[in-house]
There are 2 protein chains.
Amino acid sequence: MKATALDPDTLTPGARRVLDSASELFYERGITAVGVDLIAQHSGVTKRTLYNRFGSKETLVATYLLARDRRWRAHVADALETPDLSPGERVTVPFRALREWMRGNPRGCAFINALAELPDPEHPGHQVAADQQQWLLELFTSLATDAGLRTPDDLAHQLLCLYEGALAVQVPATTRSSAETVGDAAAVLVRAAAPSNP
Amino acid sequence: MKATALDPDTLTPGARRVLDSASELFYERGITAVGVDLIAQHSGVTKRTLYNRFGSKETLVATYLLARDRRWRAHVADALETPDLSPGERVTVPFRALREWMRGNPRGCAFINALAELPDPEHPGHQVAADQQQWLLELFTSLATDAGLRTPDDLAHQLLCLYEGALAVQVPATTRSSAETVGDAAAVLVRAAAPSNP
DNA sequence: CCTCAGGTATACTGATCGGTAAACCTTCCT
DNA sequence: AGGAAGGTTTACCGATCAGTATACCTGAGG
């Protein structure tokens, strides 16, 4: 019986408040830097309750990442609902979603940050973070394939790098946000992969 | 008298071993997760000596990042020494440098990882990490300007995102490394910014 | 010869870490 | 009526955290 993430959608009221506090604190201050005592205090819950619901900090961390992953996937799925988009335009939709996402998440990619703090592949949170990248890579691949673009695997890999890069770059480079600028770059790459090209 | 990074090039023998051990441990396991006791033990030095040389863990962290920054800049400068390169080719040279760099550094960008763990802008290591990005951005900008490319600021921003993204993406996506794939993407973006284009 | 910088050794501080013990209080379901 | 689930309170555990105290050793330069 290994410790894995809980289902973030079926939680006791107390556990919800714990998860909400943990999400905020982990993202803002880092996972290792935030102790369980602080989380319990911040969520107005006893440490005992925290451990009754989650069993360990590891599991709480994994659940935090899983909940965040679900929110992000829903956000992208929502953006893909936009009507009247050509298959080619749909490839860059995740970048539009990213633009809104980054407004409320100025501290970079929570999954990259988590991987930085959890090098151990055995940690239940490690896999959740790795899966998030894999999912996005496959999404890009299928969007590129649907659009009939050349070398969809390579293109998807490049788009994934642009995506992660936009989240990682903190420099107030230009007046434009990284998400915007990177969206343009993605469009250029997509155009270069159009089958009509030489 | 604030605590800032030491000069990594003027260290006592003991301090050198401390810094070497700290560099390895911080990068492999994360900054917060590595304690000063472990560093002292790993470097075969007394904790007392560690504190006599560095004064605090904060300073040691900042020095670690500064030393790494210097190595990376030297590595890129070295790659730029390559003779017989056109100004246009020189723009993508950092990606060639990145390819070699990533062989020995599979745990992503040490500066992004550090920023994930050190959200406090007052931490002396925070600025060092932020400066690294700024330097690379300015390098790309000047290379793009020298090549006479259009909108060099935007292009540099995009190239920086590609660079950071390649370091962040961990997925064994294709048979090609992220650095290679991203190098191709950079070439496409550079070609699209050529002044001869419409 | 003497100083002094660099380093060693052991021991310690108060705080915080993740996690547990034991006992009790509600509320809801049967 | 009764029990289980969710939560509470206070207290505790051994380990580790960053950092300090004190005293001693060694080699090189004046």
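Order of the sequence lines sets the chain letters (A, B, ...), proteins ahead of strands, with each chain counted from 1. If you're wondering where the values come from, they're calculated on a predicted model, not measured in any experiment.
Rounded to an integer number of Å, the gap from CG of B:Asp37 to P of C:dT13 is 16 Å. Note: NE2 (A:His123) to C1' (C:dG18) measures 12 Å, nearest angstrom. Summarising the geometry, the separation between CZ on B:Phe54 and P on D:dA18 is reported as 15 Å, rounded to the nearest angstrom. Summarising the geometry, the separation between CZ on A:Arg17 and C1' on D:dG6 is reported as 12 Å, rounded to the nearest angstrom. Rounded to a whole Å, the CG atom of B:Asn52 is 11 Å from the C1' atom of D:dT20. A:Leu60 has its CG atom 14 Å from the P atom of C:dC17, to the nearest Å.
Side-chain atoms of B:Tyr27 do not come within 3.5 Å of backbone N or O of B:Ala110 as any donor-acceptor pair.
Looking at B:Thr59 and B:Ser56, their side chains do bring a donor and an acceptor atom within 3.5 Å of each other.
Here the CG-CG distance, from B:Leu66 to B:Asp7, works out to 7.5 Å after rounding to the nearest 0.5 Å. Atom CG of B:Leu65 is separated from atom CG of B:Leu60 by 9.5 Å, given to the nearest 0.5 angstrom. Between atom CD of residue B:Gln132 and atom CD of residue B:Glu164 there is a gap of 6.0 Å, rounded to the nearest 0.5 Å.
Residue contacts shown for B:Thr46 include a base, since a base heavy atom lies under 4.0 Å away. Counting any heavy atom pair closer than 4.0 Å across all strands shown, B:Val18 reaches no nucleic acid atom.
A donor-acceptor contact under 3.5 Å links the side chain of A:Arg48 to the base of C:dA21.
Taking the C1' atoms of five terminal pairs at each end of the helix from C:dC1-D:dG30 to C:dT30-D:dA1, the two resulting helix axes are inclined by 0°, rounded to 10°.
When hydrophobic residues (I, L, V, M, F, W, Y) are linked wherever their side-chain heavy atoms come within less than 4.5 Å, the members clustered with B:Ile112 are A:Ile112.
Side-chain N/O atoms of B:Thr49 include none lying less than 4.0 angstrom from OP1 or OP2 on C:dG6. For C:dG7, the OP1/OP2 oxygens have a side-chain nitrogen or oxygen of B:Arg53 closer than 4.0 Å. Contact annotation: B:Thr12 reaches the phosphate of C:dG7 (side-chain N/O to OP1 or OP2, under 4.0 Å).
Between A:Trp72 and A:Tyr163, the gap from one ring centroid to the other is short of 6.0 Å.
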